[in-house]
Amino acid sequence: MSLRFDPAIEPRWREFWAREGIFRAGRRPGAPRRYILEMFPYPSGDLHMGHGKNYFIGDALTRYWVMRGHDVLHPFGWDAFGLPAENAAIKFKTHPRAWTLRNIEESKSSLDIAGIMYDWSREVTTCEPDYYRWTQELFLLLYERGLAYRAKATVNWDPVDQTVLANEQVDASGRSWRSGALVEKRELSQWFFKITDYAQRLLDDIDKLDAWPEKVRAMQRNWIGRSEGAEVEFDVAGRDERITVFTTRPDTLFGATFLVLAPEHPLVAQLVTDANRAAVDAYVAQARRRSEIDRQSTEREKTGVALGASCVNPVNGREIPIWIADYVLMGYGTGAIMAVPAHDERDFAFARTFGIDVVPVIAPRGGSIDAASMTEAFTEEGVMQASGRFDGQDNREAGRAIVAWLAESGRARPKVTFRLRDWLVSRQRYWGAPIPMLHRADGTIVAVPRDQLPVLLPAIDDYLPKGRSPLASSETFVNAQDPVTGEPVQRDTDTMDTFVDSSWYFLRYADAQNQQALWSKDAIARWMPVDQYIGGVEHAILHLLYSRFVTKVLFDAGLVPEDEPFRALFTQGMVQRRVLTPLEVAPDGRLIAPEELVKAIGVSAEPLARDEMARALRERSYALVDRDGAPAAQSGPVTMSKSAGNGVPMGPFVREHGSDVARITILFAAPPENNMEWSDEGVGGAERFLNRVVALFGGDREAVSALRAEVGSDGLDAILLESSGLDDASAALRRRLHATIKKVTLDTEHFGFNTALAALMELLNEASRQRAAAGSATRLFCATAWTFARLLAPFAPHLAEELHAWFGGRGSIYDAGWPAWDEAALTADTIEIVLQVNGKLRDKLVVPRDVAEDDVKARALASAKVQESMGGKPLRKVIVVPGKLVNLVV
RNA sequence: GCCGGAGUGGCGAAAUGGCAGACGCGCCGGACUCAAAAUCCGGUUCGGGCAACCGAGUGCGGGUUCAAGUCCCGCCUCCGGCACCA
């Protein structure tokens, strides 16, 4: 039996790397630095291959750059605050901290078993005081810069459990996940970060992020949602009030036939007439209940109520009614709009429902428009009409002119509005960083002085929020002293959103042990920005936007050297796996679907004949398969997760097959940005590949080792440059070897792991052919073995290190340097020229590399097949691509 | 509706405007074996032919070019984001 890849070699190398500190940052102080980072996870316990993909990618890059001689920072940490810990604490009656730390230990040991190497001396854990002390520092810094403020905000309130709920705990029909009660809206004072101050910069700088996926850049632009327009003021008829509206279409002002306020607009109560009050109050109450619940539905009928009041259109003095309607949102613009039914679909629908005038003021170029015959709003560009002195103008120009004209009397101004809202950071939750603020009896607020940080989370018994944060139940926590006056004050009892914790952790890695400051200037200058950030696309908006915001704030404060945190971003695809559900076999041979399957996909619970069952499953995108001789239902590929129950756990797999097999399986199957399906066949392929590597190169390890002892590793590299006296198989191998070095190098730098591995497989095939032809391990073969081991090192690190040792290498392969290719060695002495007639392949020609162009042309014309397909037609043109092809046009 | 991305064998996928389908999976055939597994060798886009070979072929319809999976125009489908955002 030939040599095979043995997973038992792996633990030794993990221990070796850790002991030698091969992957510790700062190991090569003079070398170029490189910061490679995977998004830190919520510690969920044991890891499966779905988690593993992210880390295998980061580990491959880290190993590659270490081999290239860089000083690489590759740290890890834990996003350890958050709801699951509280829920688990309630369920299992443990402390959230104990539960979290246990999970961290489990996750860490999974990473360790997989041989993924981090600089653990820089580990951060967001729930530990030595980390959240600095999260609180960050809060103070934002507060001092006027970027943290308190305001009323609407929260989800569960009237049965008497608790505040996070948005994700409210289902689509507006019910609490726990009690099932209809969630109410409550106004609470909350802390906000003023991210909107940075909206324009966050938008502009997306242009700088040219190494980010276009998809993510687009999502961020979308989310920020800049829109240019104007604010216009309308006088309320017969009152000393004004309503300010935001519009992107000031050109349509003459066509405004009513105004709409959001139901929550502060002027509603003042402006409503007695006659309309009952209807308006009812509508407002209904809107409050409905808001958020089914606001999604664009298709919904327009609803609304007139206030009875009216206002004056500033451009033409026309008196128009004021309505309220829930299609106008208080949170955007000014919470009030001017409605121009002729040129806005929503206003059109509203006007038609309530019989309000439609006044068209823009006509299509070279056409006309008529209110009576309109069936939909005209939203295109066109020519102004019914707009006084602006008639006949281009509507875009007129829009600018109208704003300028109204601006003279202070009734309008250009205005940019963003969809982005300020970041609500307070949570009425236990398991988070306490907000370091104090409330005085007079209602004013004072910050906790820095020398009193951290504000520690108190130990409490009951984590369930009771309408206020659980922290409010701890008197020793709540009662504090005013740092200025010494008077009693009350601590803020809210904790921070976990996105605050994760908005700056990548900075802390630069100097994670620093007890005096966030970090030292030298450390942050050495390591920022992150060269390569790797993570799931699910964080494309919030985490990445918050991190960019915080980095910019810290940049403005002079604390970081760059205002963008992540130079390059890579978003990897998911690992998926089919789910198998065994089917029961009835005594009569018919098949019965188990309860879970009946529930999940609605297949019949009744016994079905085999072909009936197959059909029923197929209709639901399932397949009927035999597994270990028993019938089972097989789903399509589903993202690996605990809840789907299809995760392949890291530990057991690595022990049985090896981390290297897991890595090859995942990295070879598909480009890393794509989803990949984890399958037994894929594992088998990876295993076969590594077995062949071991069998071929491991089989000759004495020969390689002996040659190395004779010529040294530099001598082995020098053999790659020897080109004379090679037989055909050796010349082919040498050429392939140089081509492979080049391809693996370039592909690895651009996440082309699948093609890099394909190239290694081709090299293995070529080496195998050469070994068979030569009948012994030639010098070239031995040099190939040594080079192959190094090229394999980013992807199958344990085996690479083992090969290195087998071949007589000392120390680690990661200090052995990355192989170099010789461009001149890429082309053969003879090359194959493709002959085309009218662009169609007709023949091939083998010619010496340096053959003259005319010569090639002559030989091409001499080809019998070419002559035949030319069919005696006259030659019109000849295209010669040197070294590649000849195209004869007839 | 707006924005972004993608459509290539049975499957995952390759391809600086220059031989479409590398590499792998699966499948077929062969070797080894009493047999099987493992391993090794060969074949495998589709249609026709014993074969050499011939024809077609990268979502659809046009175009540019000596030459298009690749560039341009117009569509279709799928995936993702945003969406009553004024």
Side-chain angles (χ1 to χ4, degrees), chain A residues 1-2 4 213-227 229-230 245-249 252 256 260 262 295-303 325-329 331-340 343-347 349-350 379 417-421 537-538 540-541 571 637 664-665 668-671 673-677 679-686 688-689 691-692 695 743 752 754-765 768 772 832-844 865 876-881 883-890:
Chain A
M1 192 173 112
S2 57
R4 297 174 60 92
E214 192 50 47
K215 175 172 51 167
V216 175
R217 306 206 300 167
M219 282 162 74
Q220 293 220 348
R221 284 197 192 97
N222 235 327
W223 188 261
I224 294 169
R226 184 183 197 271
S227 83
V245 304
F246 173 72
T247 178
T248 54
R249 296 293 307 274
T252 64
V260 188
R295 250 191 185 167
Q296 295 92 313
S297 162
T298 331
E299 303 303 310
R300 229 177 73 213
E301 281 285 298
K302 289 279 177 292
T303 60
D326 62 4
Y327 81 93
V328 175
L329 310 172
Y332 186 76
T334 61
I337 63 159
M338 63 176 212
V340 186
H343 304 291
D344 181 282
E345 288 171 29
R346 296 151 301 177
D347 299 345
F350 193 87
T379 55
T417 294
F418 294 93
R419 201 191 75 93
L420 181 70
R421 313 289 168 80
V537 74
E538 66 273 17
I541 300 176
T571 54
I664 302 291
T665 302
F668 177 68
E673 66 271 25
N674 289 12
N675 290 342
M676 64 90 45
E677 185 185 336
S679 67
D680 292 348
E681 288 75 19
V683 172
R688 254 192 305 279
F689 169 59
N691 283 337
R692 293 187 60 213
K743 184 156 181 62
N754 57 328
T755 48
L757 285 165
L760 284 172
M761 290 174 185
E762 290 185 76
L763 177 59
L764 181 70
N765 293 339
S768 174
E832 200 181 57
I833 299 283
V834 171
L835 303 184
Q836 296 180 337
V837 176
N838 285 344
K840 292 204 170 186
L841 175 73
R842 292 303 170 190
D843 199 5
K844 292 177 183 181
K865 283 181 192 160
R876 278 229 321 262
K877 197 170 172 185
V878 181
I879 316 286
V880 180
V881 180
K884 283 251 169 79
L885 100 183
V886 177
N887 190 12
L888 304 163
V889 186
V890 296

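All values reported here derive from a predicted model rather than from experimental measurement. Below, chain A is the first sequence line, B the second, and so on; all start at residue 1.
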Visitor: Between B:A56, B:C82, B:C23, which nucleotide gets closest to the side-chain atoms of A:Trp223?
Guide: B:C82
Visitor: To the side chain of A:Asn754, which of B:A86, B:A13, B:C3 is closest?
Guide: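 From the listed options, B:A13 comes nearest.
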Visitor: Would you say B:C19 has OP1 or OP2 under 4.0 Å from some side-chain N or O of A:Arg842?
Guide: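 Indeed not, no polar side-chain atom of A:Arg842 lies that close.
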Visitor: Among residues at least two apart in sequence or on other chains, which ones pass side-chain contact (heavy atoms from CB on, under 4.5 Å) with A:Lys840?
Guide: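 Here the qualifying residues are A:Arg842.
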Visitor: Please confirm whether the shortest side-chain N or O distance from A:Ser227 to OP1 or OP2 of B:A86 is below 4.0 Å.
Guide: yes
Visitor: Salt bridge between A:Lys302 and A:Glu345, side-chain N to carboxylate O under 4.0 Å?
Guide: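 No salt bridge links A:Lys302 with A:Glu345.
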Visitor: Taking atom P of B:C19 as reference, at what distance in whole Å does atom CG of A:Leu885 sit?
Guide: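 Nearest whole value for this atom pair: 7 Å.
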Visitor: Starting the side chain at C-beta, find the nucleotide from B:C3, B:A86, B:C84 nearest to A:Asp326.
Guide: B:C84
Visitor: Could I get a table of every N or O pair under 3.5 Å where one atom is in the protein and the other is in nucleotides 10-12 of chain B?
Guide:
from: B:G12; atom 1: O2'; to: A:Ala669; atom 2: O; distance (Å): 2.5

Visitor: Grab the CG-P distance between A:Leu764 and B:G24 for me, whole Å please.
Guide: 9 Å
Visitor: For atom P, what is the distance between B:A37 and B:G5, given to the nearest Å?
Guide: 49 Å
Visitor: Picking from B:C23, B:G81, B:C19, which would you name as closest to the side chain of A:Glu762?
Guide: B:C23
Visitor: Measure CZ/A:Arg419 against P/B:C3 and give the value in whole Å, please.
Guide: 16 Å
Visitor: Please confirm whether any donor atom in the side chain of A:Asn222 sits under 3.5 Å from an acceptor in the base of B:C82, or the reverse.
Guide: no
Visitor: Look at the side chain of A:Ile879 and decide which nucleotide, out of B:A86, B:G18, B:C25, has an atom nearest to it.
Guide: B:G18
Visitor: Over 60° means perpendicular and under 30° means parallel, so classify the ring planes of A:Tyr332 and A:Phe246, tilted if in between.
Guide: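 Correct class here is perpendicular.
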Visitor: Contact class for A:Arg421 vs. all strands (heavy atom < 4.0 Å): base, sugar-phosphate, or nothing?
Guide: base
Visitor: Among B:A86, B:C84, B:G4, which nucleotide has an atom closest to any side-chain atom of A:Lys215?
Guide: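 Shortest atom-to-atom distance from the side chain points to B:G4.
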Visitor: What is the distance, to the nearest angstrom, from the CD atom on A:Glu214 to the P atom on B:A6?
Guide: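 Going from A:Glu214 (CD) to B:A6 (P), I get 10 Å.
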Visitor: Please report, rounded to the nearest Å, how far the C1' atom of B:C23 is from the CG atom of A:Leu760.
Guide: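 Result: 11 Å.
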Visitor: What stems show up for RNA chain B when you take Watson-Crick pairs (N1-N3 plus N6-O4 or O6-N4) and G-U wobbles (N1-O2, O6-N3), both under 3.5 Å, and require three or more consecutive pairs?
Guide: B:1-7 with B:76-82, B:10-12 with B:23-25, B:26-31 with B:39-44, B:45-48 with B:53-56, B:59-63 with B:71-75
Visitor: Would a 4.5 Å heavy-atom cut-off, applied to side chains only, mark A:Gln836 and A:Ile879 as touching?
Guide: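 The answer is no; the side chains never approach within 4.5 Å.
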Visitor: Rounded to the nearest angstrom, tell me the gap between atom CG in A:Leu835 and atom P in B:G18.
Guide: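 Whole-Å distance recorded here is 18 Å.
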Visitor: Select one nucleotide: of B:G26, B:C19, B:A86, the one nearest the side-chain heavy atoms of A:Glu681.
Guide: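 The answer is B:G26, which lies nearest to the side chain.
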Visitor: Taking atom P in both B:G48 and B:A38, what distance in whole Å separates the two?
Guide: 33 Å
Visitor: Rounded at 0.5 Å granularity, tell me how far CZ in A:Arg692 sits from CG in A:Leu764.
Guide: 4.5 Å
Visitor: Would you give the length of the straight line joining atom CG of A:Asn765 to atom CG of A:Leu760, rounded to the nearest 0.5 angstrom?
Guide: 11.0 Å
